[in-house]
Amino acid sequence: MQKLELDEIKRKWKRKDLISLEQLDRFDIESILFLAKEFKKKLQQDDPLPSLKGHTAVALMVEPSTRTRVSFEIAAKKLGISFLSIDYKSSSIQKGESLKDTAKNLEALGIDFLILRHPTAGSPLFLANLLKISVINGGDGAHEHPTQGLLDLMTVEEHFGTVSGLDVLIVGDILHSRVARSTFWAFSKCGARVKFVGPKTMLPSYFRDFGAEISYDLDRSLPFADCIVLLRIQHERQKKDLFPSLNEYIASYGLTKERMRRCKPHVLILHPGPVERGVEIESELADSSKSAILKQVENGLAVRMAVYYLLSRSCVR
Ligand code: CP
(Lines give C-alpha, C1' and ligand atoms only; values in the text may rest on other atoms or scores of the structure.)
Protein backbone atom coordinates (compact mmCIF):
# COMPACT_ATOMS: atom_id res chain seq x y z
CA MET A 1 0.00 0.00 0.00
CA GLN A 2 1.40 3.35 -0.95
CA LYS A 3 1.48 5.58 2.13
CA LEU A 4 0.84 8.58 -0.12
CA GLU A 5 -2.33 7.08 -1.62
CA LEU A 6 -3.59 6.20 1.84
CA ASP A 7 -2.88 9.67 3.15
CA GLU A 8 -4.49 11.29 0.12
CA ILE A 9 -7.69 9.24 0.39
CA LYS A 10 -7.90 9.86 4.13
CA ARG A 11 -7.28 13.58 3.67
CA LYS A 12 -10.12 13.86 1.16
CA TRP A 13 -12.57 11.85 3.28
CA LYS A 14 -14.79 14.32 5.16
CA ARG A 15 -17.56 12.11 6.58
CA LYS A 16 -17.94 11.29 10.28
CA ASP A 17 -20.45 8.46 9.79
CA LEU A 18 -21.45 5.70 7.36
CA ILE A 19 -25.24 5.75 7.23
CA SER A 20 -26.25 5.00 3.65
CA LEU A 21 -24.81 4.49 0.19
CA GLU A 22 -27.47 6.79 -1.25
CA GLN A 23 -25.58 9.62 0.52
CA LEU A 24 -22.20 8.69 -0.93
CA ASP A 25 -20.86 9.69 -4.29
CA ARG A 26 -18.85 7.48 -6.62
CA PHE A 27 -15.54 8.87 -5.31
CA ASP A 28 -16.48 7.91 -1.72
CA ILE A 29 -17.48 4.41 -2.79
CA GLU A 30 -14.35 3.92 -4.89
CA SER A 31 -12.17 5.20 -2.02
CA ILE A 32 -13.61 2.60 0.36
CA LEU A 33 -13.16 -0.12 -2.25
CA PHE A 34 -9.60 0.91 -3.05
CA LEU A 35 -8.67 0.68 0.63
CA ALA A 36 -10.56 -2.58 1.10
CA LYS A 37 -8.64 -4.17 -1.76
CA GLU A 38 -5.34 -2.93 -0.35
CA PHE A 39 -6.23 -4.26 3.12
CA LYS A 40 -7.22 -7.61 1.62
CA LYS A 41 -3.86 -7.81 -0.16
CA LYS A 42 -2.08 -7.01 3.11
CA LEU A 43 -4.05 -9.69 4.95
CA GLN A 44 -3.23 -12.28 2.28
CA GLN A 45 0.48 -11.39 2.28
CA ASP A 46 0.61 -11.06 6.05
CA ASP A 47 1.98 -7.53 5.63
CA PRO A 48 1.81 -4.97 8.46
CA LEU A 49 -1.49 -3.10 8.73
CA PRO A 50 -2.08 0.47 9.88
CA SER A 51 -2.78 0.70 13.59
CA LEU A 52 -5.86 2.31 15.12
CA LYS A 53 -4.67 1.37 18.62
CA GLY A 54 -6.37 3.52 21.22
CA HIS A 55 -9.73 3.44 19.42
CA THR A 56 -12.76 1.58 20.77
CA ALA A 57 -15.70 0.23 18.77
CA VAL A 58 -19.02 -0.93 20.24
CA ALA A 59 -21.57 -2.99 18.30
CA LEU A 60 -25.17 -2.58 19.39
CA MET A 61 -27.16 -5.15 17.43
CA VAL A 62 -30.85 -4.82 18.26
CA GLU A 63 -31.60 -7.50 15.64
CA PRO A 64 -29.79 -10.83 15.14
CA SER A 65 -26.53 -10.85 13.19
CA THR A 66 -23.71 -13.30 12.52
CA ARG A 67 -21.70 -12.01 9.55
CA THR A 68 -21.91 -8.27 10.19
CA ARG A 69 -21.18 -8.37 13.91
CA VAL A 70 -18.34 -10.89 13.69
CA SER A 71 -16.65 -9.23 10.73
CA PHE A 72 -16.78 -5.81 12.40
CA GLU A 73 -15.16 -7.48 15.42
CA ILE A 74 -12.42 -9.23 13.44
CA ALA A 75 -11.81 -6.08 11.34
CA ALA A 76 -11.43 -4.06 14.56
CA LYS A 77 -8.95 -6.54 16.03
CA LYS A 78 -6.85 -6.59 12.85
CA LEU A 79 -6.40 -2.81 13.21
CA GLY A 80 -5.75 -2.84 16.96
CA ILE A 81 -9.17 -1.36 17.83
CA SER A 82 -10.72 -2.52 21.13
CA PHE A 83 -14.11 -4.03 20.35
CA LEU A 84 -17.14 -4.68 22.55
CA SER A 85 -20.48 -6.09 21.62
CA ILE A 86 -23.59 -5.28 23.62
CA ASP A 87 -26.16 -8.01 24.09
CA TYR A 88 -29.23 -5.77 23.96
CA LYS A 89 -31.31 -8.45 25.71
CA SER A 90 -29.20 -8.05 28.83
CA SER A 91 -28.69 -4.28 28.45
CA SER A 92 -30.62 -1.45 30.08
CA ILE A 93 -32.64 -1.10 26.85
CA GLN A 94 -34.70 -3.92 28.42
CA LYS A 95 -35.40 -1.60 31.40
CA GLY A 96 -36.79 1.03 29.05
CA GLU A 97 -33.69 3.15 28.42
CA SER A 98 -34.06 5.03 25.16
CA LEU A 99 -31.72 4.49 22.20
CA LYS A 100 -30.62 8.12 22.56
CA ASP A 101 -29.69 7.69 26.24
CA THR A 102 -27.94 4.39 25.59
CA ALA A 103 -25.86 5.97 22.83
CA LYS A 104 -25.06 9.15 24.83
CA ASN A 105 -23.84 6.97 27.72
CA LEU A 106 -21.64 4.92 25.39
CA GLU A 107 -20.19 8.15 24.02
CA ALA A 108 -19.53 9.38 27.58
CA LEU A 109 -17.51 6.21 28.13
CA GLY A 110 -15.14 7.36 25.41
CA ILE A 111 -15.90 5.06 22.50
CA ASP A 112 -14.98 6.09 18.95
CA PHE A 113 -17.26 3.96 16.74
CA LEU A 114 -20.84 2.84 17.36
CA ILE A 115 -22.05 0.12 14.99
CA LEU A 116 -25.84 -0.01 15.15
CA ARG A 117 -28.22 -2.62 13.78
CA HIS A 118 -31.82 -1.67 14.52
CA PRO A 119 -35.29 -2.65 13.28
CA THR A 120 -36.26 1.02 12.82
CA ALA A 121 -35.18 2.71 9.59
CA GLY A 122 -33.46 6.01 10.35
CA SER A 123 -32.08 5.03 13.80
CA PRO A 124 -28.40 5.32 12.78
CA LEU A 125 -28.98 8.74 11.17
CA PHE A 126 -30.82 9.90 14.29
CA LEU A 127 -27.80 8.97 16.44
CA ALA A 128 -25.26 10.32 13.96
CA ASN A 129 -26.91 13.75 14.22
CA LEU A 130 -26.74 13.61 18.03
CA LEU A 131 -23.26 12.25 18.63
CA LYS A 132 -19.70 13.40 17.99
CA ILE A 133 -18.46 9.82 17.59
CA SER A 134 -18.72 7.88 14.31
CA VAL A 135 -21.94 5.95 13.77
CA ILE A 136 -21.85 3.02 11.35
CA ASN A 137 -25.11 1.62 10.06
CA GLY A 138 -25.06 -2.16 10.48
CA GLY A 139 -28.56 -2.42 8.94
CA ASP A 140 -31.62 -0.29 9.79
CA GLY A 141 -35.02 -1.80 9.15
CA ALA A 142 -35.72 -2.00 5.43
CA HIS A 143 -33.65 1.14 4.77
CA GLU A 144 -29.96 0.34 4.16
CA HIS A 145 -27.06 -1.96 4.99
CA PRO A 146 -24.17 0.02 3.49
CA THR A 147 -21.26 -2.31 4.27
CA GLN A 148 -23.22 -5.15 2.63
CA GLY A 149 -23.69 -3.08 -0.54
CA LEU A 150 -19.97 -2.30 -0.55
CA LEU A 151 -18.86 -5.89 -0.11
CA ASP A 152 -21.24 -6.99 -2.87
CA LEU A 153 -19.71 -4.38 -5.15
CA MET A 154 -16.16 -5.42 -4.23
CA THR A 155 -16.95 -9.08 -4.92
CA VAL A 156 -18.37 -8.40 -8.37
CA GLU A 157 -15.64 -5.91 -9.29
CA GLU A 158 -12.99 -8.41 -8.24
CA HIS A 159 -14.63 -11.13 -10.36
CA PHE A 160 -15.31 -9.14 -13.55
CA GLY A 161 -12.60 -6.45 -13.23
CA THR A 162 -15.27 -3.72 -13.37
CA VAL A 163 -18.97 -3.29 -12.61
CA SER A 164 -19.47 -0.58 -15.20
CA GLY A 165 -21.78 -1.83 -17.96
CA LEU A 166 -22.80 -5.02 -16.14
CA ASP A 167 -26.44 -6.09 -15.82
CA VAL A 168 -27.31 -6.88 -12.22
CA LEU A 169 -30.54 -8.53 -11.07
CA ILE A 170 -31.65 -8.11 -7.45
CA VAL A 171 -34.24 -10.82 -6.86
CA GLY A 172 -36.77 -11.51 -4.13
CA ASP A 173 -38.33 -9.61 -1.25
CA ILE A 174 -37.27 -6.15 -2.45
CA LEU A 175 -39.87 -4.31 -0.35
CA HIS A 176 -38.46 -5.44 3.00
CA SER A 177 -34.77 -5.62 2.09
CA ARG A 178 -32.19 -3.09 3.24
CA VAL A 179 -29.62 -5.01 1.17
CA ALA A 180 -31.68 -4.40 -2.00
CA ARG A 181 -31.42 -0.65 -1.48
CA SER A 182 -27.73 -0.47 -0.53
CA THR A 183 -26.69 -2.90 -3.25
CA PHE A 184 -28.74 -0.94 -5.78
CA TRP A 185 -26.97 2.33 -4.85
CA ALA A 186 -23.52 0.70 -4.88
CA PHE A 187 -23.92 -0.80 -8.34
CA SER A 188 -25.85 1.99 -10.01
CA LYS A 189 -23.47 4.69 -8.77
CA CYS A 190 -20.58 2.70 -10.26
CA GLY A 191 -22.14 2.34 -13.70
CA ALA A 192 -24.01 -1.00 -13.62
CA ARG A 193 -27.62 -1.42 -14.82
CA VAL A 194 -29.78 -2.76 -12.01
CA LYS A 195 -33.11 -4.52 -12.34
CA PHE A 196 -35.29 -5.44 -9.35
CA VAL A 197 -37.20 -8.72 -9.80
CA GLY A 198 -39.85 -10.14 -7.49
CA PRO A 199 -43.56 -10.73 -6.96
CA LYS A 200 -45.73 -7.61 -7.19
CA THR A 201 -46.53 -7.83 -3.48
CA MET A 202 -42.82 -7.53 -2.69
CA LEU A 203 -41.92 -5.09 -5.44
CA PRO A 204 -44.12 -1.98 -5.50
CA SER A 205 -43.92 0.05 -8.71
CA TYR A 206 -42.39 3.03 -6.83
CA PHE A 207 -39.07 1.17 -6.93
CA ARG A 208 -38.84 2.49 -10.50
CA ASP A 209 -38.29 5.90 -8.91
CA PHE A 210 -34.88 4.67 -7.78
CA GLY A 211 -33.92 4.69 -11.45
CA ALA A 212 -34.00 0.89 -11.67
CA GLU A 213 -35.95 -1.29 -14.05
CA ILE A 214 -38.46 -3.61 -12.39
CA SER A 215 -39.78 -6.99 -13.50
CA TYR A 216 -42.12 -9.59 -12.05
CA ASP A 217 -40.79 -12.31 -14.35
CA LEU A 218 -37.52 -13.95 -13.31
CA ASP A 219 -37.37 -16.36 -16.25
CA ARG A 220 -37.52 -13.52 -18.78
CA SER A 221 -34.91 -11.49 -16.89
CA LEU A 222 -32.28 -14.21 -16.38
CA PRO A 223 -30.79 -14.30 -19.92
CA PHE A 224 -29.56 -10.69 -19.65
CA ALA A 225 -27.90 -10.92 -16.23
CA ASP A 226 -24.17 -10.88 -15.55
CA CYS A 227 -24.78 -11.07 -11.84
CA ILE A 228 -27.76 -12.17 -9.72
CA VAL A 229 -28.17 -11.00 -6.13
CA LEU A 230 -30.67 -13.23 -4.34
CA LEU A 231 -32.50 -12.08 -1.24
CA ARG A 232 -34.07 -13.97 1.64
CA ILE A 233 -37.79 -13.49 2.28
CA GLN A 234 -37.85 -11.18 5.30
CA HIS A 235 -40.61 -13.00 7.20
CA GLU A 236 -39.86 -10.90 10.30
CA ARG A 237 -40.89 -7.68 8.49
CA GLN A 238 -44.01 -8.98 6.75
CA LYS A 239 -47.31 -8.14 8.35
CA LYS A 240 -49.24 -10.66 6.24
CA ASP A 241 -48.48 -13.40 3.74
CA LEU A 242 -47.41 -11.82 0.46
CA PHE A 243 -47.72 -14.93 -1.74
CA PRO A 244 -50.15 -17.87 -1.71
CA SER A 245 -47.61 -20.50 -0.58
CA LEU A 246 -43.86 -20.97 -0.28
CA ASN A 247 -43.98 -23.56 -3.08
CA GLU A 248 -45.53 -21.01 -5.44
CA TYR A 249 -42.83 -18.49 -4.52
CA ILE A 250 -40.12 -21.10 -5.20
CA ALA A 251 -41.76 -22.06 -8.51
CA SER A 252 -41.57 -18.46 -9.78
CA TYR A 253 -38.53 -16.95 -8.01
CA GLY A 254 -36.33 -19.75 -6.63
CA LEU A 255 -33.01 -20.04 -8.50
CA THR A 256 -32.47 -23.66 -9.52
CA LYS A 257 -29.96 -25.52 -11.67
CA GLU A 258 -32.75 -25.92 -14.22
CA ARG A 259 -33.32 -22.13 -14.31
CA MET A 260 -29.59 -21.51 -14.62
CA ARG A 261 -29.79 -22.89 -18.18
CA ARG A 262 -31.38 -19.59 -19.14
CA CYS A 263 -28.37 -17.61 -17.86
CA LYS A 264 -25.17 -16.45 -19.53
CA PRO A 265 -22.34 -18.96 -18.90
CA HIS A 266 -20.35 -16.41 -16.87
CA VAL A 267 -23.20 -15.38 -14.53
CA LEU A 268 -22.21 -14.87 -10.88
CA ILE A 269 -24.59 -15.53 -7.96
CA LEU A 270 -24.51 -13.45 -4.78
CA HIS A 271 -26.51 -13.72 -1.57
CA PRO A 272 -25.99 -11.60 1.55
CA GLY A 273 -26.93 -14.47 3.92
CA PRO A 274 -28.44 -15.98 5.86
CA VAL A 275 -29.46 -18.30 3.01
CA GLU A 276 -32.75 -20.17 3.14
CA ARG A 277 -31.60 -23.20 1.16
CA GLY A 278 -34.27 -24.61 -1.12
CA VAL A 279 -36.23 -21.34 -1.17
CA GLU A 280 -34.45 -18.47 -2.93
CA ILE A 281 -31.67 -20.83 -4.13
CA GLU A 282 -31.31 -24.55 -4.65
CA SER A 283 -28.88 -25.81 -2.02
CA GLU A 284 -26.38 -27.35 -4.46
CA LEU A 285 -26.24 -24.11 -6.43
CA ALA A 286 -25.35 -22.13 -3.30
CA ASP A 287 -22.24 -24.31 -2.95
CA SER A 288 -21.35 -24.37 -6.66
CA SER A 289 -18.58 -22.55 -8.53
CA LYS A 290 -21.23 -20.04 -9.73
CA SER A 291 -21.75 -18.85 -6.16
CA ALA A 292 -19.72 -16.01 -4.62
CA ILE A 293 -21.46 -16.25 -1.24
CA LEU A 294 -18.38 -17.03 0.86
CA LYS A 295 -16.24 -14.62 -1.16
CA GLN A 296 -18.73 -11.90 -0.15
CA VAL A 297 -18.20 -12.80 3.51
CA GLU A 298 -14.41 -12.75 3.07
CA ASN A 299 -14.57 -9.32 1.40
CA GLY A 300 -16.78 -8.02 4.22
CA LEU A 301 -13.76 -8.12 6.52
CA ALA A 302 -11.64 -5.90 4.25
CA VAL A 303 -14.55 -3.49 3.62
CA ARG A 304 -15.14 -3.04 7.35
CA MET A 305 -11.43 -2.44 7.95
CA ALA A 306 -11.52 0.26 5.27
CA VAL A 307 -14.58 1.86 6.90
CA TYR A 308 -12.93 2.01 10.33
CA TYR A 309 -9.79 3.44 8.77
CA LEU A 310 -11.58 6.21 6.87
CA LEU A 311 -13.82 7.21 9.78
CA SER A 312 -11.03 7.19 12.38
CA ARG A 313 -9.84 10.53 13.65
CA SER A 314 -6.17 9.65 13.62
CA CYS A 315 -4.13 6.73 12.54
CA VAL A 316 -0.68 5.53 13.58
CA ARG A 317 1.34 3.77 10.89
N1 CP B 1 -25.59 -10.22 5.58
C2 CP B 1 -25.84 -9.97 6.86
O3 CP B 1 -26.14 -8.84 7.27
O4 CP B 1 -25.74 -11.07 7.69
P5 CP B 1 -26.01 -11.03 9.24
O6 CP B 1 -27.49 -10.73 9.42
O7 CP B 1 -25.65 -12.42 9.73
O8 CP B 1 -25.16 -9.96 9.86
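First listed ligand is number 1; within each ligand, the first listed atom is number 1. Please read all numbers here as calculations on a predicted model, not as lab measurements.
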Task: Same cluster (ILVMFWY, side-chain, under 4.5 Å), L169 and F224 - done: no
Check each N or O atom of ligand 1 against all protein N or O atoms and list the pairs under 3.5 Å, with atom names and distances to 0.1 Å, one per line.
from     : atom 1 : to   : atom 2 : distance (Å)
ligand 1 : 1 (N)  : Q148 : OE1    : 3.0
ligand 1 : 1 (N)  : P272 : O      : 2.8
ligand 1 : 1 (N)  : G273 : O      : 3.3
ligand 1 : 3 (O)  : T68  : OG1    : 3.0
ligand 1 : 3 (O)  : R117 : NH2    : 2.9
ligand 1 : 3 (O)  : H145 : NE2    : 2.8
ligand 1 : 4 (O)  : R67  : NE     : 3.0
ligand 1 : 6 (O)  : R117 : NH1    : 2.8
ligand 1 : 7 (O)  : T66  : N      : 2.8
ligand 1 : 7 (O)  : R67  : N      : 3.0
ligand 1 : 7 (O)  : R67  : NE     : 3.2
ligand 1 : 7 (O)  : R67  : NH2    : 3.0
ligand 1 : 8 (O)  : S65  : OG     : 2.6
ligand 1 : 8 (O)  : T68  : N      : 2.9
ligand 1 : 8 (O)  : T68  : OG1    : 2.7
ligand 1 : 8 (O)  : R117 : NH1    : 3.4
ligand 1 : 8 (O)  : R117 : NH2    : 3.4

Open item on the list: Does anything in residues 70-93 form a ring pair (Phe, Tyr, Trp, His ring centres under 6.0 Å)? List the pairs, not counting sequence neighbours.
Closed with: F72-Y308
Task: Partners passing side-chain hydrogen bond (donor to acceptor under 3.5 Å, both in side chains) against N105 (at least two apart in sequence or in another chain) - done: none
Task: salt bridge (charged side-chain N to carboxylate O under 4.0 Å, His left out) contacts in which one or both residues fall within residues 170-193, not counting sequence neighbours - done: E63-R178, D167-R193
Open item on the list: Just by distance, no angles: are the side chains of R232 and H271 close enough, under 3.5 Å, to form a donor-acceptor pair?
Closed with: no
TODO: Could you verify whether a donor N or O on one side chain and an acceptor N or O on the other, from T155 and N299, lie under 3.5 Å apart?
DONE: yes
